[in-house]
Amino acid sequence: MTTRTLPLHARSWLIGMREAIPLLGGYIPVAISFGLVSIQAGFTTWEATLISLLIYAGASQFLFIGMAAAGAPLWLLIAMTLLINVRHMVYGPNLAPWLTTSRWWPLLMHGLTDQVFALAHTRMPQLEASQRLGWYTGAALLAWAAWVAGTALGAVAGDWLMAQWPLLGEIMPFALPALFLVLVMPRFTSPRWTLALLLTIAIAMACTLNGLTNLGIPLAAACGALCFYLVKLNQQPGGGSHE
Amino acid sequence: MSDTLWLAVLACAIGTYLIRLLPLLWMRRRLKRLDGNDSVEAMPQWLSILGPMMIAALFGVSLVPRQPDTTAWLATLLGVIATLIVWYRLRSLGWPIIAGVGTYGSVILLMDMLQG
């Protein structure tokens with residue numbers, strides 16, 4: 001059956017799922033690693049899977065498992081996990097202008113990860129209003145399901161998988177930078193944006209190389225935004241739109 | 001897993017969900033207050049600039065290989081070039097990523113074979 005013969009909402013779901021497929025290249029290997037690390041840290045398959053189902057935030061889950069296994073105080077465990085996820089605060093408001101009045105949107109925010117946000121921020125404005133809920137639901141549910149299933153797979157057979165296909169776990173995650181690159185390219189619309197975006201990318205890379213991945217995302221984005229404002233001040237004080 | 005650790009899981013799950021949800025609800029109320037007219041303009045400018053910057057930052061973070069040796073950097077560079085070329089030609093979402101991953105994987109495999 002082709003997508004053309006399906007009702008509109010089903011078609012939107014399928015388009016969302018299809019466009020979220022590149023996310024899986026990054027999600028599944030990392031989820032498998034999470035499952036494996038959880039088992040090694042003394043958690044059961046069910047526990048690891050439930051953590052992925054409920055918390056659903058990659059980097060902070062690794063931190064949670066690591067700190068729990070090390071016997072860290074619970075308040076510190078919760079505080080650090082939430083601190084890593086604070087960057088997600090920017091995502092919802094950036095999507096808000098494109099959301100319809102459906103009451104499902106608040107519930108669907110559970111699926112608003114870094115990658116789903118990046119995809120939605122680019123695609124939602126291009127979609128018809130009637131397609132957006134279906135598109136987002138399809139994309140977000142596929143990503144969530146892949147993360148949870150990947151965790152379970154990693155917990156059950158992570159050792160075996162890593163031994164069988166050691167390179168696959170190394171190659172597939174490149175889907176994420178490739179996806180982000182495709183999503184960020186249309187933003188290079190002027191010298192001002194180009195400078196700010198390149199600075200953001202450089203700072204994010206420098207932070208990661210120095211072991212500050214989680215801090216790197218908000219820090220680099222804030223520096224890029226600051227650069228965007230400073231360049232405006234130098235060019236034409238008090239005027240012009242943000243092109 | 002102990003009961004207290006389960007409580008910590010629940011606290012992190014609810015906290016993370018609220019971090020994703022509450023700012024959206026705030027923005028929706030703001031948009032409603034502004035009567036929905038030209039909703040993109042209704043967004044604070046710093047917030048609309050921060051969105052693309054977050055995507056650029058995610059790109060920068062994900063670009064660094066987990067084992068940053070010469071092979072991984074070379075594969076990353078060629079993978080990025082392949083992604084860009086296909087994106088410039090097709091302006092689509094899927095094919096540039098397939099080209100990027102294919103090129104990245106080919107370089108890794110080739111270097112692996114060469115290094116024995």
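Letters go in sequence order (proteins before strands), and every chain restarts at 1.
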Name the region of A/A79, side chain, backbone, both or neither, that has any atom closer than 4.5 Å to a heavy atom of chain B. neither

Among B/G100, B/G51, B/A82, B/P65, single out the residue with the greatest number of heavy-atom pairs under 4.5 Å to chain A. B/G51

Shortest non-hydrogen contact between B/A57 and A/T200, atoms and distance: N-CG2, 3.6 Å

Side chain, backbone, both or neither: which part of A/S52 has a heavy atom under 4.5 Å from chain B? neither

Turns out that what part of A/T44 lies under 4.5 Å from chain B's heavy atoms comes down to neither

Given side chains that start at C-beta, do those of B/P96 and A/M185 come closer than 4.5 Å, heavy atoms only? no

Segment of A/L50 engaging chain B (4.5 angstrom heavy-atom cut-off): side chain

Would a 4.5 Å heavy-atom cut-off, applied to side chains only, mark B/S62 and A/Q115 as touching? no

Given B/Y17 and A/L107, is the side-chain contact (heavy atoms from CB on, under 4.5 Å) satisfied, shown in steps? CA-CA 9 Å; B/Y17 174 63; A/L107 212 58; 4.3 Å; yes

Step by step, would you call A/T208 with B/L63 a side-chain contact (heavy atoms from CB on, under 4.5 Å)? CA-CA 9 Å; A/T208 308; B/L63 199 58; over 6 Å; no

Greatest number of non-hydrogen atom pairs under 4.5 angstrom with chain A, of B/L5, B/I14, B/T83, B/V61, falls to B/V61

Return yes when atom CZ of B/R29 has more than 12 non-hydrogen atoms of other residues, nucleotides or ligands closer than 6.0 Å, and no otherwise. no

Under 6.0 Å from the CH2 atom of B/W6, do we count more than 12 heavy atoms belonging to anything else shown? yes

State, yes or no, whether a side-chain contact exists between B/I97 and A/I21 at a heavy-atom distance under 4.5 Å. no

Among A/G42, A/A222, A/A118, who wins on heavy-atom pairs under 4.5 Å with chain B? A/A118

For residues A/P106 and B/R28, report the shortest heavy-atom separation together with the two atoms involved. CD-NH1, 4.1 Å

Please flag which part of A/P186 lies under 4.5 Å from any non-hydrogen atom of chain B: side chain, backbone, both or neither. both

Reported CE-to-CD1 distance for the pair B/M53 and A/I217, which is rounded to 0.5 angstrom: 15.5 Å

I need the A/M89 CE to B/L47 CG distance, nearest 0.5 Å. 10.0 Å

Can you tell me which portion of A/E170 sits under 4.5 Å from chain B's heavy atoms? Options are side chain, backbone, both or neither. both

Report yes if the side chains of A/F174 and B/T103 come closer than 4.5 Å at any heavy-atom pair, otherwise no. no

Could you tell me if the side chain of B/V9 sits less than 4.5 Å from the side chain of A/L54, heavy atoms only? yes

Side chains of B/I49 and A/W193: does their closest heavy-atom pair fall under 4.5 Å? yes

Hey, which of A/A204, A/P177, A/A96, A/P173 has the most heavy atom pairs under 4.5 Å with chain B? A/P177

Working to the nearest 0.5 Å, report the span between CZ of B/R20 and CG of A/N85. 6.5 Å

Measuring heavy-atom distances to chain B, does A/H110 have an atom under 4.5 Å in its side chain, in its backbone, in both, or in neither? both

Give, as side chain, backbone, both or neither, the part of A/F117 having an atom under 4.5 angstrom from any heavy atom of chain B. side chain

Between B/P52, B/A11, B/A75, B/G15, who has the most heavy-atom pairs with chain A when the cutoff is under 4.5 Å? B/P52

How long is the straight-line distance from CG of B/L7 back to CD1 of A/I78, given to the nearest 0.5 Å? 8.0 Å

So which part of A/I84 gets closer than 4.5 Å to some heavy atom of chain B, the side chain, the backbone, both or neither? neither

Return the CD1 to CG distance between B/I55 and A/L119, rounded to the nearest 0.5 Å. 9.5 Å

Measuring only between side-chain heavy atoms, which start at C-beta, is B/L109 closer than 4.5 Å to A/I171? yes

Most contacts with chain A, counted as non-hydrogen pairs under 4.5 angstrom, among B/Y104, B/W26, B/Y88: B/Y104

Smallest heavy-atom separation, B/C12 atom then A/L77 atom, equals SG-O, 4.5 Å

Given a strict heavy-atom distance threshold of 4.5 Å, which part of B/V64 is in contact with chain A: side chain, backbone, both, or neither? side chain

The interface call for B/I108 against chain A, heavy-atom contacts under 4.5 Å, is side chain

So do the side chains of B/L58 and A/L183 get within less than 4.5 Å of each other, counting heavy atoms only? no

Under 4.5 Å heavy-atom distance to chain B, tell me which part of A/L197 shows up: side chain, backbone, both or neither. both

Between OG1 on residue B/T16 and CE on residue A/M109, distance to nearest 0.5 Å: 14.5 Å

Heavy-atom closest pair (A/A221 atom, B/L50 atom, distance to 0.1 Å) is O-CD1, 3.7 Å

Are the side chain of A/Y229 and the backbone N or O of B/W46 linked by a donor-acceptor pair below 3.5 Å? yes

